[in-house]
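Input: a single structure, listed below in structure tokens.
Because the structure is a prediction, the values reported are computed rather than measured.
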Amino acid sequence: NPLEPALEHPVLQRLQVHYRIALGRGDAVAIDLTHRRGRRQRRLCATGQRRQLRQAVDDLLARLFVEDQLPSSNEYLRERFSQGAGHGEVCFVELQTAGRGRRGRVWSTPWGQSLMVSMGWRFESGVNALEGLSLAVGVVVSQVLEQYGVAPKLKWPNDVLLAEQGGELGKLAGILIEVTGDAAGPCEVVIGIGMNLMLPDSLRATIDQPVAALFDAQPGISRNQLAADMVSGLLSMLAGFEAGGFAPWLDAWNQRHAYSGLPIRVIQGERTSDAVAGDVDESGNLWVTENGHARRLSGGEISVRRRL
């Protein structure tokens, strides 16, 4: 790409530079280069990401958007679906002003210090074909991170954890899946992932749970390469999920299960109970033991916490 050597010029490293370019498929993306707090950071770049995708996976990618700021990347792709597009589309955003996670929680990080991506996919078999999808996404994210030398763990149903200094597991990434459609017919899915790359101490102090940041463990990772690897892995998984379901991902999830065999607290609305975590099954349900009896947890508004 002839633009890239120019962006390395030291004069441009002191400026914020915006290019609007048209990709071969008509994608409009922005690229900028900026100093923030004395540290040069390159903005996520759609051209670089597409160049790093395998050809077989690139064929699954309809459009790739990189936005500087949006209320929500999930909302952006839901709107794309309402316009007759959305399938196979991916949207990265540097800053979300109204991002949210599971159970309506706010997801907020400073500009350029996280990896926030949403992906749209249409399933013809209906909502029932989506059992375990969020867990399969977690496996893909973990497998990508393992290529960079880190060892994430998975917390049912939608979190990716990473050990901080001292060994405590903190939340590295969250997964939010939103579905429109019906149980029997076609449905449209938006998969949202937010991953902490850097977390200033001032932000950590406002978060009410243990958290982790990828660059604390591996500071030299390229955001663009990581983004391309995530897109490649997720598109490959989605292409086969409707036919194969969660079963091919089951063992990989259980191998990375953060709380397998450990005491946990099950939170369902205002109700809490103590249990011991077992494995997940082919439908993505988590089996636990409560008072000597097996119980199946089936997602929804249920969450679990490690019980010390």
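Partners of A151 according to the side chain to side chain contact (heavy atoms under 4.5 Å, CB included) rule, which considers only residues two or more places apart in sequence or in another chain, do not exist here. Residues passing the salt bridge (Lys or Arg N to Asp or Glu O under 4.0 Å) test with E188 are R122, sequence neighbours excluded. Listed by chain and residue number, D274 satisfy the side chain to side chain donor-acceptor pair (under 3.5 Å) test with R265 (two or more places apart in sequence, or in another chain). Applying the side chain to side chain donor-acceptor pair (under 3.5 Å) test to E75 and every residue at least two apart in sequence or in another chain returns nothing. With sequence neighbours excluded, no residue forms a ring pair (Phe, Tyr, Trp, His ring centres under 6.0 Å) with F246. T272 is linked by a side chain to side chain donor-acceptor pair (under 3.5 Å) to nothing, counting only residues two or more places apart in sequence or in another chain.
Here the CD1 atom belonging to I207 is positioned 5.5 Å from the CG atom belonging to L199, to the nearest 0.5 angstrom. Here the CE-CE distance, from M195 to M230, works out to 4.0 Å after rounding to the nearest 0.5 Å. Note that CD of Q69 is 10.5 Å distant from CD of E67, once rounded to the nearest 0.5 Å. With rounding to the nearest 0.5 angstrom, the CH2 atom of W121 is 5.0 Å from the CG atom of L60. We find the CE-CG distance between M116 and L95 to be 6.0 Å, quoted to the nearest 0.5 Å. From T206, atom OG1 reaches atom CG of D201 across 11.0 Å, with rounding to the nearest 0.5 Å.
In summary, R306 and E168 do not engage in a salt bridge, as defined by a charged side-chain N under 4.0 Å from a carboxylate O.
Counting only heavy atoms from C-beta outward, the side chains of L214 and I221 approach each other to under 4.5 Å. Between L234 and V90, every side-chain heavy-atom pair lies at or beyond the 4.5 Å cut-off. Side-chain contact between F92 and V231 is present, with heavy atoms from C-beta onward closer than 4.5 Å. With contacts defined as side-chain heavy-atom distances shorter than 4.5 Å, the pair T180/E178 does not qualify.
Of all heavy-atom pairs between A62 and H87, the closest is CB-O, 3.4 Å. Contact between I302 and P157 at its shortest, heavy atoms only, is O-CD, 4.2 Å. Taking both residues in full, the closest heavy atoms of G120 and L77 are given as N-CD1, 3.5 Å, listed atom of the first, atom of the second, then distance. Contact between V211 and R204 at its shortest, heavy atoms only, is O-NH1, 3.6 Å. Here the closest non-hydrogen pair linking L169 and A258 is CD1-CB, 4.0 Å. Nearest approach of V189 to F81, heavy atoms of both residues: O-CE1, 3.7 Å.
Every pair passing salt bridge (Lys or Arg N to Asp or Glu O under 4.0 Å) that includes a residue from residues 149-160 is listed here, sequence neighbours excluded: K155-D159, D159-K171. Identified under the salt bridge (Lys or Arg N to Asp or Glu O under 4.0 Å) test for residues 242-251, with sequence neighbours left out: none. Listed by first and then second residue, the salt bridge (Lys or Arg N to Asp or Glu O under 4.0 Å) pairs that reach into residues 275-293 are E290-R295, sequence neighbours excluded. Identified under the ring-ring contact (aromatic ring centres under 6.0 Å, His included) test for residues 280-306, with sequence neighbours left out: none. Judged as a side-chain hydrogen bond (donor to acceptor under 3.5 Å, both in side chains), the pairs with a partner in residues 137-150 (not counting sequence neighbours) are, in order, E146-R256, Y148-D229.
Under a hydrophobic clustering in which Ile, Leu, Val, Met, Phe, Trp and Tyr are joined whenever their side-chain heavy atoms come within less than 4.5 Å, directly or via other members, V160 and V150 fall into the same cluster. Residue V276 is not grouped with residue L154 when hydrophobic side chains (ILVMFWY) are merged at heavy-atom distances under 4.5 angstrom, including chains of intermediate members. Using a 4.5 Å cut-off between side-chain heavy atoms of Ile, Leu, Val, Met, Phe, Trp and Tyr, with links allowed through other members, L297 and I177 fall into the same hydrophobic cluster.
Side-chain atoms of S236 do not come within 3.5 Å of backbone N or O of G233 as any donor-acceptor pair. Formation of a donor-acceptor pair under 3.5 Å by the W156 side chain with backbone atoms of G284 is found in this model.
Using cut-offs of 30° and 60° on the angle between ring planes, the pair F65 and Y76 is perpendicular.
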Query - Check against side-chain contact (heavy atoms from CB on, under 4.5 Å), L226 and L145 - result: CA-CA 8 Å; L226 176 62; L145 292 172; 4.2 Å; yes
Report task. May I have the step-by-step check of side-chain contact (heavy atoms from CB on, under 4.5 Å) for L203 and Q113, ending in yes or no? Result -> CA-CA 11 Å; L203 181 58; Q113 297 189 15; over 6 Å; no
Query raised in the report: Between F215 and R223, is a side-chain contact (heavy atoms from CB on, under 4.5 Å) present by the stated rule, with each step listed?
Result: CA-CA 10 Å; F215 287 178; R223 285 203 305 153; 3.9 Å; yes
Report task. Evaluate the criterion side-chain contact (heavy atoms from CB on, under 4.5 Å) for residue pair M119 and L235; output intermediate values, then yes/no. Result -> CA-CA 9 Å; M119 181 173 293; L235 286 173; 3.9 Å; yes
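Exactly one of V280, V288, N285, L286 qualifies for a side chain to side chain contact (heavy atoms under 4.5 Å, CB included) with R296. That residue is N285. A side-chain hydrogen bond (donor to acceptor under 3.5 Å, both in side chains) with Q96 holds for exactly one of S118, S73, S114; it is S73. Residue C91 is tested with V66, L70, V190 for a side chain to side chain contact (heavy atoms under 4.5 Å, CB included); the sole match is L70.
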Check residues 126-139 and write down every donor-acceptor pair under 3.5 Å in which the side-chain atom is one partner and the other belongs to a residue at least two apart or another chain.
residue: E131; atom: OE1; partner: S283; partner atom: OG; Å: 3.2
residue: S134; atom: OG; partner: N158; partner atom: OD1; Å: 2.8

